[in-house]
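These notes concern the structure reproduced below.
As the structure is a prediction and not an experimental result, all values here were calculated from the model. Letters go in sequence order (proteins before strands), and every chain restarts at 1.
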There are 2 protein chains.
Amino acid sequence: MVRKTKEEAAATRLQLLDAAERLFSEKGVSHTSLHEIALAAGLTRGAIYWHFEDKGDLLKAMWERVALPIHDAICSSNTNKLDPLTLIRSKVCWMADHIEEDPRIFALMNIVMLRCEFTDETRSARDHFLHERETCQRHLLADFDTAIATGALPPHTNAEHAMQGIFGLVDGICFHWLIQPQAFCIRQVTHSSVDCFLAGLQRSR
Amino acid sequence: MVRKTKEEAAATRLQLLDAAERLFSEKGVSHTSLHEIALAAGLTRGAIYWHFEDKGDLLKAMWERVALPIHDAICSSNTNKLDPLTLIRSKVCWMADHIEEDPRIFALMNIVMLRCEFTDETRSARDHFLHERETCQRHLLADFDTAIATGALPPHTNAEHAMQGIFGLVDGICFHWLIQPQAFCIRQVTHSSVDCFLAGLQRSR
DNA sequence: CCATACATACATCCTTGTATGTATGTAAGT
DNA sequence: ACTTACATACATACAAGGATGTATGTATGG
């Protein structure tokens with residue numbers, strides 16, 4: 001059955017992205033062949049090579065599709081007029097709050113942290129990831145600056161260290177949870193750890 | 001040149017481990033062939049198959065060689081009679097204090113976090129890693145219990161959450177640093193973040 | 001003389017990339 | 001309205017290169 005209309009082609013593309021997402025997350029990027037992906041989507045490699053340049057391009061496309069909402073959540077401006085620390089808390093806990101429910105986010109983080117070698121093959125996807133990561137860090141840094149400026153954090157606070165620390169904290173917990181999801185509740189541990197870290201910032205001398 | 005004596009054979013084995021360590025860290029585990037490893041060690045695949053069962057076994061052996069000192073550092077008993085929080089601090093900062101100097105530790109963490117897909121091929125090595133990881137966590141948990149029992153931390157402290165949090169913190173910072181080593185000083189950020197986290201624990205209600 | 005410690009040779013299986021085939025949608029011409 | 005022609009959206013076929021595992025060769029130590 002050859003698909004013809006643009007809508008059907010777009011649907012095919014999504015099927016391929018779905019299959020790639022699932023297989024990459026289950027078996028690892030380099031251990032998944034394009035043949036397997038096409039098969040899982042009920043297609044052939046011809047479809048993949050029509051929609052994507054190669055495996056790296058497919059990975060990148062899959063990556064971009066999921067990374068967008070994550071990026072938006074963390075880089076969103078303070079529309080609700082939350083106080084600075086509450087804003088930071090809600091942003092950095094976003095991942096832990098959604099990774100259990102949203103299989104797509106789970107798959108992305110699983111691929112990034114456990115199922116993907118950072119190498120030439122994944123370079124373009126990785127560059128995209130790093131670029132978004134930097135944007136998130138800049139926004140978070142600005143949020144810390146605001147918190148310091150408004151007195152929510154003491155004036156001597158090192159915003160750069162605070163940002164790197166809290167970012168590492170949530171990613172590290174996520175990393176451990178992905179390795180052993182049954183070991184602990186990522187939501188609880190992330191929330192209490194973030195609260196603890198922010199409390200430590202507030203009361204530092 | 002065929003090597004004969006047991007000492008020479010042992011040296012050959014170490015050469016293979018060295019080559020594997022370097023290439024795995026540079027190119028990723030699945031993107032490094034046994035042929036490349038043998039070539040880098042000035043040998044052939046025959047030598048690898050003599051000393052190891054397959055790629056997974058080689059990875060596991062390489063892993064065990066480096067993981068041991070890390071394990072010892074974190075699971076060591078409190079011989080210096082440090083106060084509980086200082087002990088915890090020194091243990092969890094050990095990695096950040098050594099990863100820049102020791103290329104072997106750098107390679108191991110780089111492989112674990114960025115250059116290795118957690119999949120069937122790496123299963124035996126991963127299981128070993130997870131087992132040591134659990135041992136470290138148990139020791140660290142005991143250290144937190146001691147800290148609570150001696151009053152260094154408030155009695156209502158959740159030791160399990162604290163352990164997961166601080167472990168995630170240092171691993172997450174390590175993860176980010178490996179992705180972009182030039183972005184920040186891992187030692188500084190780790191130390192200040194750990195201090196901050198422990199301060200938060202101390203002054204929590 | 002036998003086991004060790006490799007090197008070499010061989011067969012098989014994948015995987016990738018590309019080239020080609022093909023059926024349909026679509027737009028233009030008449 | 002009907003044909004023509006071309007682009008689209010794949011499927012199929014082909015060629016080439018690795019990578020792995022194993023089988024065999026071989027030189028030396030003990």
Side-chain angles (χ1 to χ4, degrees), chain A residues 1-20 22-24 26-62 115-117 119-125, chain B residues 1-20 22-24 26-62 115-117 119-125:
Chain A
M1 290 300 176
V2 187
R3 312 219 157 187
K4 313 295 169 43
T5 72
K6 301 202 171 185
E7 289 139 16
E8 284 174 320
T12 297
R13 193 185 130 96
L14 290 181
Q15 282 175 34
L16 290 172
L17 289 175
D18 287 341
R22 187 167 60 83
L23 291 178
F24 283 163
E26 286 174 2
K27 310 180 42 174
V29 173
S30 71
H31 292 82
T32 302
S33 70
L34 296 182
H35 175 68
E36 289 174 300
I37 294 172
L39 212 68
L43 297 159
T44 65
R45 284 191 308 126
I48 294 180
Y49 278 103
W50 173 254
H51 286 282
F52 309 97
E53 288 183 16
D54 53 16
K55 200 175 183 179
D57 189 44
L58 172 59
L59 177 68
K60 184 183 172 191
M62 189 218 73
R115 300 290 197 271
C116 174
E117 294 177 7
T119 176
D120 283 342
E121 193 185 49
T122 62
R123 172 166 292 279
S124 67
Chain B
M1 291 300 177
V2 186
R3 309 216 158 190
K4 311 296 168 44
T5 72
K6 300 204 172 186
E7 288 139 16
E8 283 174 321
T12 297
R13 194 185 128 96
L14 290 181
Q15 281 176 35
L16 290 171
L17 289 175
D18 286 342
R22 188 166 61 83
L23 290 178
F24 284 163
E26 285 175 2
K27 310 180 41 173
V29 173
S30 71
H31 292 83
T32 302
S33 71
L34 296 182
H35 175 68
E36 289 174 300
I37 294 172
L39 211 68
L43 297 159
T44 66
R45 284 191 310 126
I48 294 181
Y49 279 102
W50 175 255
H51 286 282
F52 309 97
E53 287 184 16
D54 53 16
K55 199 176 183 178
D57 189 45
L58 172 60
L59 177 67
K60 186 184 170 191
M62 188 217 73
R115 300 290 198 272
C116 173
E117 295 178 7
T119 177
D120 283 341
E121 193 183 49
T122 63
R123 173 166 292 279
S124 66

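- Distance CG (A/L34) to P (C/dT18): 12 Å, rounded to an integer number of Å.
- Rounded to a whole Å, the CZ atom of B/R45 is 14 Å from the P atom of C/dC10.
- Between the side chain of A/S33 and the backbone N or O of A/E36, at least one donor-acceptor pair lies under 3.5 Å.
- Listed candidates were D/dG21, D/dC10, C/dC6. Nearest to the side chain of A/H51 is D/dC10.
- For C/dC6, neither phosphate oxygen OP1 nor OP2 lies less than 4.0 angstrom from any side-chain nitrogen or oxygen of B/W50.
- Nucleotide C/dA7 holds its P atom 10 Å from the CD1 atom of B/I48, rounded to whole Å.
- In this structure, the nucleotide among C/dC6, D/dA9, C/dG17 sitting nearest to the side chain of A/D54 is C/dG17.
- Put simply, CG on B/L23 and CG on B/L34 are 11.0 Å apart, with the number rounded to the nearest 0.5 Å.
- For the pair A/Y49 and D/dC10, the criterion of a side-chain N or O lying under 4.0 Å from OP1 or OP2 is not met.
- Under the 3.5 Å distance criterion, the side-chain polar atoms of A/E117 are matched with a main-chain donor or acceptor of B/S30.
- Inter-residue side-chain proximity for B/F52 and B/L59 is flagged as unmet; no heavy-atom pair is nearer than 4.5 Å.
- The NZ atom of B/K55 lies 9.5 Å from the OH atom of B/Y49; values are rounded to the nearest 0.5 Å.
- Taking atom NZ of A/K27 as the reference point, atom P of C/dC14 lies 11 Å away to the nearest angstrom.
- Residue B/L58 contributes atom CG, which lies 12 Å from atom P of D/dG21 at whole-angstrom precision.
- What separates CG of B/L16 from C1' of C/dA7 is a distance of 13 Å, to the nearest Å.
- One can place CD of A/E36 at 17 Å from P of C/dC13, the figure rounded to the nearest angstrom.
- Nearest-nucleotide positions on DNA chain C place B/R13 closer to the 5' end than the other of A/H31 and B/R13.
- Taking 4.0 angstrom as the limit, A/T12 places none of its side-chain polar atoms (N or O) nearer than this to OP1 or OP2 of D/dA9.
- Rounding to whole angstrom units, CG of residue B/L39 and C1' of D/dG18 are separated by 14 Å.
- At a threshold of 4.0 angstrom between heavy atoms, the contacts of B/T44 include nucleobase atoms, whether or not backbone atoms are also involved.
- Closest to the A/A47 side chain, of the nucleotides D/dC10, C/dT15, D/dT22, is D/dC10.
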